[in-house]
Structures are given as C-alpha cells and as structure tokens.
Amino acid sequence: MKPLQSLRGMVDLLPGQTPFWQRIEATARDHFRRAAVEEIRTPLLELTELFARGIGEATDVVGKEMYSFEDRGDRHCTLRPEGTASVVRAAIQHGLVAQGPQRLWYGGPMFRYERPQAGRQRQFHQIGLEFLGHADPRSDVEAIAIAWDLLVDLGVDGLSLELNSLGSSDDRLRYRADLVAWLEAHRERLDPDSQQRITTNPLRVLDSKNPETQDLLAGAPTLAEALSGESHERFLRVRQGLEALAIPFTLNPRLVRGLDYYGHTAFEITSSQLGAQATVCGGGRYDGLVEQLGGPPTPAVGWALGMERLVLLLNQAQQAQGAEQRPGAAPDLYVVSRGVQGEAHAMVLARRCRHRPGDPLAVQVDLSGAGVDKQLKRARRSGARWALLLGDEEAANGTVRLMPLHGEGGAGSADRLLSQAEFLALSLDQLNA
RNA sequence: GCGGGCGUCGCCAAGUGGUUAAGGCAGUGGCUUGUGGCGCCACCAUUCGGGGGUUCGAGUCCCCUCGCUCGCCCCA
C-alpha cells in the first residue's frame with residue numbers, strides 16, 4: 001500500500017521548524033498585549049457570500065482562488081481566504097462595533113487555491129490586526145507602528161515600508177475614469193496583460209512588471225494628482241505621524257492593493273531577501289467594509305502578515321549567523337536505567353522530577369531497554385544537561401548517579417552518587433555545581 | 001490557469017544503454033547484560049515517483065501521468 005501524502009500546497013510543520021513559529025506567536029502576543037489589542041478567534045469556514053461581498057466579486061481571490069463547497073445542508077461554504085471579512089462579520093454579529101472602537105488581532109490558517117511557489121502555499125498562516133471605529137489618521141500610524149515594531153523585534157532586517165494613498169472612493173472613481181481614458185489612448189503600446197486589465201482592473205496596470213509598460217506609464221495621470229484636498233491632507237498627516245515615530249518609509253505611487261475594500265492609506269512591508277513573493281505584511285484602511293457587510297458606518301484600518309514568509313526570513317537569519325540547531329525540546333535531564341528494579345525506579349523518579357516544587361525539570365526517560373552505553377549516547381544527543389543513571393543497586397539503596405553531559409568530563413570521574421532525597425532537593429544551580 | 005527546472009533509502013548523494021544500484025549521515029544489532037563526544041564489525045533500495053513504450057538488455061532513451069520546485073498571474 002502506497003503511503004498517502006498531504007494535499008498539494010498543504011504543508012506539515014515538523015519539530016525542527018515549530019520553534020520559529022512559537023517565537024513569532026509569542027512575540028506577536030506580547031506586542032499586542034502591550035498595545036492593548038485583544039484577540040478574536042473566528043471560524044475557518046464561512047458562508048461564501050461573506051467573502052464575495054467583503055473582498056469583492058471581481059478580485060482574483062474571490063474569482064479563482066477560493067476553496068468552496070456545499071455542505072450537507074446545501075449551504076455555500078468557503079474556507080477563509082483572509083481574516084478581515086470574518087472579523088468584521090463577527091464584530092457586527094455580536095454587537096462589538098456598537099460598543100465603541102475595537103482593537104482586535106487574530107491568527108491562524110487561511111486557504112487560497114493557487115499554484116504553490118516560494119512563500120506561497122494553499123494553506124498558509126496569517127497574523128492580523130484590525131482597528132474598528134477609528135477614523136483618525138493616527139490610527140493608521142499606530143497600526144503600522146505595531147507591525148513595524150513587531151518585525152524589528154523579531155530581528156528581521158532588510159525590510160522596507162512602502163506607502164500610498166488610494167484616496168476616497170470618489171477620488172478613485174474619478175481617477176479610474178482618467179486612467180482608463182489614457183490607457184485606451186495608448187493601448188497598442190501596452191503589454192497584453194495590461195491591455196486585459198484596462199477593463200478588469202485598470203489600477204493594477206500601474207503595478208505591471210513589464211519594463212516597457214512602466215516606461216510608458218511615466219506619462220500617465222497619477223493617483224496622487226487625483227486626490228481631493230481632504231484626502232491629500234489626510235495622507236500628509238499619516239506621513240507626518242510615521243516621521244514623528246522615526247519609522248522609515250518610501251512613497252510608492254504604484255502600490256495598489258488587490259482587495260476591493262481598501263481606500264486611503266495602503267501599505268506593504270517587503271523584504272529584499274524573499275523571492276518573488278516579497279510582501280511580509282500588507283494592509284490599509286477599509287472604511288466602507290463594515291457597512292457593506294450590514295453593520296453601521298464604521299471606519300477601520302488593519303493589516304495581515306504572512307507567517308510562512310516571516311519564518312523564511314528567520315530561517316535565513318539563523319543560517320547567516322551559522323547558529324547551531326539545538327533540539328527545540330531538549331530536556332534538562334535524561335534518565336538512563338537498567339534492570340527491572342532500576343527501570344521501575346526511573347519511572348518514579350522521572351515523574352517526581354517533573355512535578356517537584358520549585359524547579360520542575362524537563363525529563364526524558366530512555367525507554368529503549370538498550371545497553372547503558374547506547375543510552376548514554378542518546379542522552380548526549382538529546383541535548384540534556386545531565387543524565388541520571390539508575391540500576392538495581394541504586395534502586396535498592398535509594399541512591400542515584402548524576403552525570404553532567406556537557407563540559408570536559410573525564411571517564412566517569414564527574415558523576416556524583418547522591419541519595420534520592422538529596423537529588424530531588426537540588427536546585428538548578430546546585431545541579432550545575 | 002500558463003511557463004521553466006527537477007524526481008535514485010528517513011536525509012545528502014554517485015551512477016547517462018549491459019546488473020552486484022557506490023558512498024556519507026541517521027537508524028538497528030554486536031564488540032561491552034553497568035559509564036562519556038570515539039573506534040571497529042554487521043544489518044539497512046529485488047529497485048531508481050507511477051504507468052506505458054523502444055531495445056537482446058533501461059535508473060539511464062521516448063511518451064503519458066503524479067509530485068516537488070522556481071517564475072507569471074495574484075497576494076500575506
């Protein structure tokens with residue numbers, strides 16, 4: 001029988017990798033706590049309509065990337081492709097937005113049916129932040145600052161923050177008309193992809209990777225020129241806020257986000273050290289979404305960061321430092337035993353060590369029944385700091401042999417014969433002595 | 001959905017038409033029924049992702065398929 005494999009684009013996280021994930025999660029939690037942001041957890045499965053209405057029918061995410069199916073009650077269900085729509089739905093459903101501004105974060109798996117490549121999988125993980133009910137440009141600044149500080153704290157370098165303003169929906173409508181007219185006038189000189197997008201999503205043409213198209217675009221009307229005085233003023237205040245916090249950014253007038261709900265501030269944090277999928281964190285303002293999903297008019301801003309891409313960067317950073325990979329769950333103590341009495345004794349002592357008051361120890365018991373030298377070899381490889389040797393003699397007279405595993409160590413010279421009670425009473429410092 | 005590259009043991013990896021599929025790491029057993037990063041010995045792929053074809057003969061050539069990977073599109 002052939003062994004089964006995971007589904008394409010669905011990735012197992014093996015023990016060698018999980019410490020990176022735990023570190024990111026712990027750091028994120030800490031930053032959110034310090035910024036008074038509360039966690040919200042929503043279902044992985046939602047009605048398809050939520051995403052269709054929230055993200056936009058015409059977007060790629062909704063048009064071709066959703067994991068959708070009908071359940072046994074003929075409901076149209078979709079595995080969430082992003083977090084914002086669900087969070088907004090939950091906040092409306094439970095009256096959160098009616099209770100005043102909300103500062104929320106979430107984390108977990110998202111699903112998009114795309115061709116996997118570096119930094120992109122079908123099941124991937126995001127951590128996201130959503131501020132609901134704040135219109136002030138300072139909320140944009142704070143949201144971005146939290147993301148920036150988190151990434152910096154994780155030790156990721158080579159990051160850059162790119163910023164743009166998409167203006168109000170009126171601004172965009174006006175600009176869109178101007179842009180389409182201009183693009184139509186230059187249609188023959190555009191690459192085929194961009195020609196397509198004149199009708200499907202003209203703003204995206206600005207983002208084209210075709211060099212000739214980019215050259216041509218130098219003469220196109222810009223979004224910045226199309227901003228109303230009010231939008232312009234708002235964007236200025238966001239920029240000033242970031243400058244006041246000494247968070248470096250570059251203006252990118254071509255930055256256009258792919259989900260329909262974004263307006264005004266849009267930003268991405270990218271890394272030069274990733275492949276083609278260089279965006280680590282992306283977000284912006286989405287003032288119309290809450291109302292569009294049936295809630296009261298509520299301004300909002302948020303972002304999401306891609307865990308896999310962050311893990312990629314942390315891996316690279318570690319390799320660059322040549323850091324040695326230590327077992328993630330190395331025990332303090334490795335218990336080696338021999339003989340019927342000794343083995344029984346080992347189980348009892350291991351449990352006492354794990355549950356002793358004061359300094360509980362992380363203990364691994366060798367369960368192989370192999371010879372003592374084999375067990376000691378494994379003890380060393382486990383990364384444990386000490387080994388405990390237990391045989392029938394020790395079991396009979398209530399003693400243990402304690403052996404430090406790292407450091408110089410001559411043959412057998414360093415092990416200590418202790419009574420059980422003495423051993424259990426040793427503090428971590430005394431163990432090292 | 002569209003391109004490019006790749007698929008030999010858990011991991012790394014030789015081998016490019018002629019059979020006995022190297023080697024290293026890890027693993028298991030032993031030398032050693034109780035003592036340290038070793039060392040030595042043994043075991044560890046009837047089979048080269050899968051299927052079909054060409055050939056006297058295929059891991060090696062051809063076709064199909066699956067998977068991985070990088071890129072496009074798009075996004076975190």
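What you see below is based on every heavy atom in this structure, not just the backbone, and it leaves out hydrogens, waters and symmetry mates. Please read all numbers here as calculations on a predicted model, not as lab measurements. Letters go in sequence order (proteins before strands), and every chain restarts at 1.
For the segment residues 58-67 of chain A, the set of residues with a heavy atom within less than 4.0 Å of an atom of RNA chain B comprises A/Asp60, A/Lys64, A/Glu65, in numerical order.
Taking atom CG of residue A/Asp12 and atom C1' of nucleotide B/G10, one finds them 14 Å apart after rounding to whole Å. Rounded to whole angstrom, the span from the CG atom of A/Asp373 across to the P atom of B/C38 amounts to 12 Å. Rounding to whole angstrom units, CD of residue A/Glu114 and P of B/G71 are separated by 13 Å.
In the set B/G71, B/C73, B/U35, the nucleotide with an atom closest to the side chain of A/Arg197 is B/C73.
Considering only side-chain N and O atoms, A/Arg309 lies nowhere under 4.0 angstrom from the phosphate OP1 or OP2 of B/A76. Contact between the side-chain N/O atoms of A/Gln117 and the OP1/OP2 oxygens of B/G71 is found at a separation under 4.0 Å.
In this structure B/G34 sits in no base pair that meets the Watson-Crick or G-U test at under 3.5 Å. Across all strands shown, B/C2 forms a Watson-Crick or G-U wobble pair with B/G71, both key distances being under 3.5 Å. Nucleotide B/U47: unpaired (no Watson-Crick or G-U wobble partner with both distances less than 3.5 Å).
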Close N/O contacts between protein and nucleotides 65-68 of chain B (under 3.5 Å):
from, atom 1, to, atom 2, distance (Å)
B/C68, OP2, A/Arg8, NE, 2.8
B/C68, OP2, A/Arg8, NH2, 3.3

Atom pairs, protein N/O to nucleotides 26-28 of chain B N/O, distance under 3.5 Å:
from, atom 1, to, atom 2, distance (Å)
B/G27, OP1, A/Arg381, NH1, 3.0
B/G27, OP2, A/Arg381, NH1, 2.8
B/U28, OP1, A/Arg378, NH1, 3.1

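Nucleic acid contact for A/Gly282: sugar-phosphate only, since backbone atoms but no base atoms lie under 4.0 Å from a heavy atom of the residue.
Applying the 3.5 Å distance criterion, the base of B/C74 shares a donor-acceptor pair with the side chain of A/Arg120.
Looking only at atom types and distance, the side chain of A/His264 has no donor-acceptor partner in the side chain of A/Asp287 under 3.5 Å away.
Taking atom C1' in both B/U20 and B/G4, one finds a spacing of 38 Å when rounded to whole Å.
Side-chain contact check for A/Glu268 versus A/Asn164: every heavy-atom pair is 4.5 Å or farther apart. Within the 4.5 Å cutoff, no side-chain heavy atoms of A/Arg122 are placed close to those of A/Arg112.
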